[in-house]
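Fair warning: this is a prediction, and the values are worked out from it, not measured in the lab.
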Amino acid sequence: MEYILAALLLSLLGTAHVMGFDFVKKHSPTSLPQFCLAMTVIRLVLVGTLAGIVILLKENREDAMMFAIIYLIMYAITVVVSLWLRH
């Protein structure tokens, strides 16, 4: 269940970054660096919060560490893909 939630959150964040990048580029291109920084901070906070909650709620330490590893790999892939699509 937590993997589905993680994939959904990462998909939503990636989509928001790509669509937001296009919107900001069209309406205020000089604000692109601030937008990218804000999206990076938002992603890190949300990803870290979800990972922390799941790790704290998991009873098995091995499962928690496996989730954290897979989640960070998924996060890295979505960041690379969203940057590749718009930069």
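Interatomic distance, CG of Leu9 versus CZ of Arg43, reported as 10.0 Å (0.5 Å rounding). Atom CD1 of Ile73 sits about 12.0 Å away from atom OG1 of Thr78, to the nearest 0.5 Å. For the atom pair OG of Ser28 and CD of Gln34, the computed distance is 8.0 Å after rounding to the nearest 0.5 Å. Separation of atoms CG (Leu57) and CG (Asp63) is listed at 13.0 Å; rounding is to 0.5 Å. For the atom pair CG (Leu13) and OG1 (Thr40), the distance works out to 11.0 Å, reported to the nearest 0.5 Å. Within the model, atoms CZ of Phe35 and CZ of Phe21 stand 8.5 Å from one another, a figure rounded to the nearest 0.5 Å.
Leu46 and Ile53 are members of different hydrophobic clusters when ILVMFWY side chains are connected at heavy-atom separations under 4.5 Å. Linking Ile, Leu, Val, Met, Phe, Trp and Tyr residues whenever their side-chain heavy atoms come within less than 4.5 Å leaves Phe67 and Met65 in two separate clusters. Note on Val18: it clusters hydrophobically with Trp84, by side-chain heavy-atom contacts below 4.5 Å among ILVMFWY residues. Using a 4.5 Å cut-off between side-chain heavy atoms of Ile, Leu, Val, Met, Phe, Trp and Tyr, with links allowed through other members, Val47 and Ile42 fall into the same hydrophobic cluster. A single hydrophobic cluster is seen to contain both Leu44 and Ile70, as judged by linkage of ILVMFWY side chains at heavy-atom distances under 4.5 Å, directly or through other members.
Residues Cys36 and His17 come closest through the heavy atom pair SG-NE2, 4.2 Å. Across every non-hydrogen atom of Ala6 and Leu50, the tightest pair is CA-CD2, 3.9 Å. In terms of heavy-atom proximity, Ile55 sits nearest to Ala68 at CD1-CB, 3.7 Å. Leu10 and Tyr71 make their closest contact through CD1-CE1, 3.9 Å (heavy atoms, listed as atom of the first residue, atom of the second, distance).
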> How far apart are the C-alpha atoms of Met19 and Phe23, what are their side-chain angles, what is the distance that settles it, and do they pass the side-chain contact (heavy atoms from CB on, under 4.5 Å) test?
Replying inline: CA-CA 6 Å; Met19 292 176 70; Phe23 181 82; over 6 Å; no
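By the neighbour-count criterion of 12 heavy atoms within 6.0 Å, atom CG of Leu8 is densely surrounded, having more than that number from other residues, nucleotides or ligands.
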